[in-house]
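As the structure lists them, so they are numbered: ligands from 1, and atoms in each ligand from 1. Side-chain atoms are counted along with the backbone in the values below, which use heavy atoms only and exclude waters and symmetry mates.
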Amino acid sequence: MLFSLVRFRRRPGDLADGVAIEGNLPLEIVWTAIPAVVVLFVGIYSYDIYERMGGMVSLNDHSAMHHSAEVMQASTSGSSMNNGSPDGESEPRVWAGIGSSADGTDTLPVEVTAMQFAFIFHYPDGDFTTGELHVPINRPVELRMKANDVIHAFWVPQFRLKQDVIPGQPTLLSFTATRTGSYPIICAELCGPYHGGMRSTVVVHEQEAFNQWFETNAPPKPAPATVASAALTPTA
Ligand SMILES: [Cu+2]
């Protein structure tokens with residue numbers, strides 16, 4: 001453009017019309033073909049990425065079930081949310097969603113329930129429930145999401161992450177937070193009259209602060225009082 005601005009600028013005293021150009025077939029083929037190839041490449045490449053993220057697992061697709069079940073077995077070993085029984089119709093077997101291939105070695109599992117009009121977070125490790133999502137920094141988090149009524153969408157704009165939460169079809173969202181702070185969680189699927197108010201917050205803590213938060217929320221563990229009192233009890 002800069003070249004053309006200089007090269008074809010109007011010279012002093014030039015009052016003639018421009019040259020009438022009638023199109024250029026080779027040029028038009030070239031400027032159609034190059035973007036077509038680029039778009040095709042980007043399309044195929046992003047399909048591959050999306051599939052590796054687990055996004056191509058069809059909902060309730062029985063042929064995909066086997067593969068997905070294996071992946072989930074590896075990532076959430078021992079979890080009660082796995083379902084190996086082939087005939088259990090009540091529990092869905094496929095966890096579709098973003099990041100279902102997370103290897104889950106040090107993953108923090110959080111069960112997310114979406115309902116009109118709130119997100120509820122349950123920490124199976126501590127067996128407590130909160131209305132706000134708290135996660136430690138630099139540790140993979142695995143959200144296992146269920147909807148009680150209609151379709152919702154769990155969206156954290158600052159994380160660039162969005163995943164539908166679907167009744168009868170648990171979905172998964174894995175991520176690792178890399179910066180501390182509070183970020184809004186927004187329902188991104190029109191789910192009813194108060195959809196606009198269906199918001200929560202995700203708080204990313206330093207590991208230390210997260211442990212503290214976790215301890216204050218977890219129900220108290222049974223104290224080892226019996227041992228102490230037994231030791232104090234005189235035997236004579
Ligand atoms: Cu909603």
task = Report, as yes or no, whether the 6.0 Å neighbourhood of atom CZ on Phe128 holds more than 12 heavy atoms from other residues, nucleotides or ligands.
result = yes
Got a list of side-chain donor-acceptor pairs under 3.5 Å for residues 19-34, not counting sequence neighbours?
from  : atom 1 : to    : atom 2 : distance (Å)
Asn24 : OD1    : Leu27 : N      : 3.1
Thr32 : OG1    : Glu28 : O      : 2.7

message = Before we go on, tell me: are the rings of Trp155 and Phe119 under 6.0 Å apart, centre to centre?
response =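 No - the distance between ring centres of Trp155 and Phe119 does not fall below the 6.0 Å cut-off.
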message = Donor-acceptor check, side chain of Asp149 to backbone of Gln116, threshold 3.5 angstrom: yes or no?
response =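 Confirmed, Asp149 side chain pairs with Gln116 backbone.
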ask   = Atom CD in Glu189, atom CD1 in Ile151: separation rounded to 0.5 Å?
value =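 Rounded to the nearest 0.5 Å, the CD-CD1 separation comes out at 6.0 Å.
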task = Count, excluding waters, the protein N, O or S atoms that are closer to the Cu ion (ligand 1) than 2.8 Å.
result =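 N, O or S atoms of the protein closer than 2.8 Å: 4.
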key: Passing option when Leu143 is tested against Thr171, Val202, Leu173 for side chain to side chain contact (heavy atoms under 4.5 Å, CB included)   =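 Testing each of Thr171, Val202, Leu173 against Leu143, the sole residue satisfying side chain to side chain contact (heavy atoms under 4.5 Å, CB included) is Leu173.
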